[in-house]
Trainee: 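Sharing a structure here in structure tokens format.
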Amino acid sequence: MRHLIDILDLTTEEIDGLILTAQDIMKYPEKYAEKCRGKQLATLFYEPSTRTRLSFESAMLSLGGSTLGFSEAASSSASKGESVADTVRVVSCYADIIAMRHLKEGAPLVASLYSTIPVINAGDGGHNHPTQTLTDLLTIKQEKGTLSGLTIGCCGDLKFGRTVHSLVGAMSRYDNVKFILISPDELKIPESVRSEVLDKKGISYVETNSLEAAMPELDILYMTRVQRERFFNEADYLRLKDSYILTPDKLKTAKKDMAILHPLPRVNEISTAVDSDPRACYFRQVRYGKFIRMALIMKLLEVK
Ligand code: CP
């Protein structure tokens with residue numbers, strides 16, 4: 001039985017295979033409409049979500065399966081003090097696969113130790129978000145045609161932004177990838193990601209405060225929201241929240257084929273005036289998220 005807790009639980013070949021399956025699903029959705037008939041997906045979301053939970057549910061329904069679950073800890077027995085370990089033991093009796101989001105880093109890993117069915121990490125605190133990364137990789141493949149030879153600018157809250165941590169891990173496996181890490185000093189990428197991924201693998205990267213200086217070099221601009229819910233005090237959040245706001249004016253120096261990604265939700269960091277720019281991929285990215293999750297559910301359930 002396989003779980004997906006960290007994007008690096010998957011080999012590069014497996015990730016490439018999931019991308020190929022997702023592309024096939026997009027082309028021939030009818031081929032997949034009965035693949036998970038009789039299977040149930042449990043969505044255990046202890047933290048708010050729109051895209052991840054609904055795309056998992058939509059993915060399972062489009063595979064002919066069904067879903068159950070909760071969308072906040074308050075409506076589950078976690079509110080009475082039930083542990084994650086006990087909850088997954090119970091849910092293992094009702095469902096075939098679990099997608100779990102939790103505010104505590106490592107909670108899905110704990111769940112995987114007690115579950116008798118596959119567990120997917122749907123985001124754990126400021127740590128990781130592997131299925132967002134699968135979504136991002138499919139988006140990059142669709143928009144740029146390759147995952148190699150790209151200069152990727154990650155901009156915003158690189159400290160608490162779990163999607164960036166997983167993306168850096170995954171993209172570091174592809175050839176000739178370079179990162180430009182754009183953030184205020186207080187929100188730089190964690191030392192663990194820098195030393196354990198970037199330095200260890202000899203990946204080329206620079207850290208800067210200036211989006212404007214980085215812009216002309218970028219093939220991908222990955223914007224992120226400043227993660228209010230992870231801050232210890234409101235004053236720091238208010239001071240940092242508008243550090244970067246992407247506008248049409250700032251895009252004047254960007255490459256004509258640069259792809260703008262954002263895991264969403266967006267607050268202020270991309271002006272709505274950018275939405276009509278053909279380089280803005282973030283709503284197409286949402287759509288890709290459903291198809292890659294369909295591919296992942298099939299893989300973990302060992303559906304051929
Ligand atoms: N990208 C993402 O994880 O969005 P949600 O928080 O809405 O699931």
Side-chain angles (χ1 to χ4, degrees), residues 4-7 18 22 41-62 67 69-76 97-108 111 119-140 142-143 152 154-171 220-231 237 241 246 259-270 272 275 280-297:
L4 178 62
I5 305 303
D6 187 304
I7 190 66
L18 288 171
L41 165 78
T43 51
L44 312 185
F45 276 58
Y46 294 82
E47 232 193 15
S49 167
T50 296
R51 275 146 295 275
T52 311
R53 187 170 66 84
L54 296 183
S55 66
F56 264 118
E57 293 190 0
S58 179
M60 192 48 147
L61 294 173
S62 294
T67 68
F70 52 82
S71 57
E72 52 175 355
S75 65
S76 79
I97 186 166
I98 290 171
M100 172 183 283
R101 170 168 292 187
H102 206 288
L103 69 169
K104 286 198 180 149
E105 303 180 357
V119 174
I120 301 169
N121 177 3
D124 61 329
H127 189 214
N128 278 320
H129 195 346
T131 66
Q132 180 62 50
T133 301
L134 291 173
T135 302
D136 301 339
L137 297 182
L138 176 59
T139 306
I140 294 169
Q142 289 291 112
E143 301 289 333
I152 304 169
C154 299
C155 177
D157 184 349
L158 310 189
K159 179 178 180 182
F160 297 117
R162 57 193 174 196
T163 64
V164 170
H165 307 159
S166 295
L167 181 67
V168 168
M171 287 302 296
I220 307 283
L221 173 57
Y222 193 89
M223 292 296 294
T224 62
R225 172 178 69 91
V226 175
Q227 307 268 306
R228 181 180 205 156
E229 64 276 30
R230 316 260 179 245
F231 275 67
Y237 169 72
K241 73 183 175 71
L246 186 64
I260 307 165
L261 277 67
H262 190 310
L264 303 180
R266 149 178 71 181
V267 185
N268 277 336
E269 58 279 0
I270 302 181
T272 54
D275 296 355
C281 302
Y282 30 93
F283 290 112
R284 296 196 288 280
Q285 189 179 354
V286 170
R287 183 172 166 272
Y288 298 136
K290 169 179 169 171
F291 301 113
I292 200 80
R293 288 183 174 102
M294 288 173 75
L296 178 66
I297 290 169

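Remember, it's 1-based here, ligands and their atoms both numbered in the order they're listed.
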Trainee: With no hydrogens and no angle check, is any side-chain donor or acceptor of S76 less than 3.5 Å from a backbone partner on A73?
Mentor: yes
Trainee: Would you please name every residue forming a salt bridge (Lys or Arg N to Asp or Glu O under 4.0 Å) with E143, sequence neighbours left out?
Mentor: R284
Trainee: For the residue pair R293 and T135, what are the closest heavy atoms and their distance?
Mentor: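 Shortest heavy-atom contact: NH1-OG1, 3.7 Å.
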Trainee: Around ligand 1, what residues show up once you keep those with a heavy atom under 4.0 Å from it?
Mentor: S49, T50, R51, T52, R101, H129, Q132, P263, L264
Trainee: Can you list the residues that meet the salt bridge (Lys or Arg N to Asp or Glu O under 4.0 Å) rule with R51, with sequence neighbours excluded?
Mentor: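 Listed in chain order: nothing, the list is empty.
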Trainee: Going by heavy atoms in the side chains, are I120 and I98 under 4.5 Å from each other?
Mentor: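 They are not in contact (no side-chain heavy atoms under 4.5 Å apart), so the answer is no.
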Trainee: Got a sec, which residues hit side chain to side chain donor-acceptor pair (under 3.5 Å) with K290, two or more places apart in sequence or on another chain?
Mentor: S58, S62
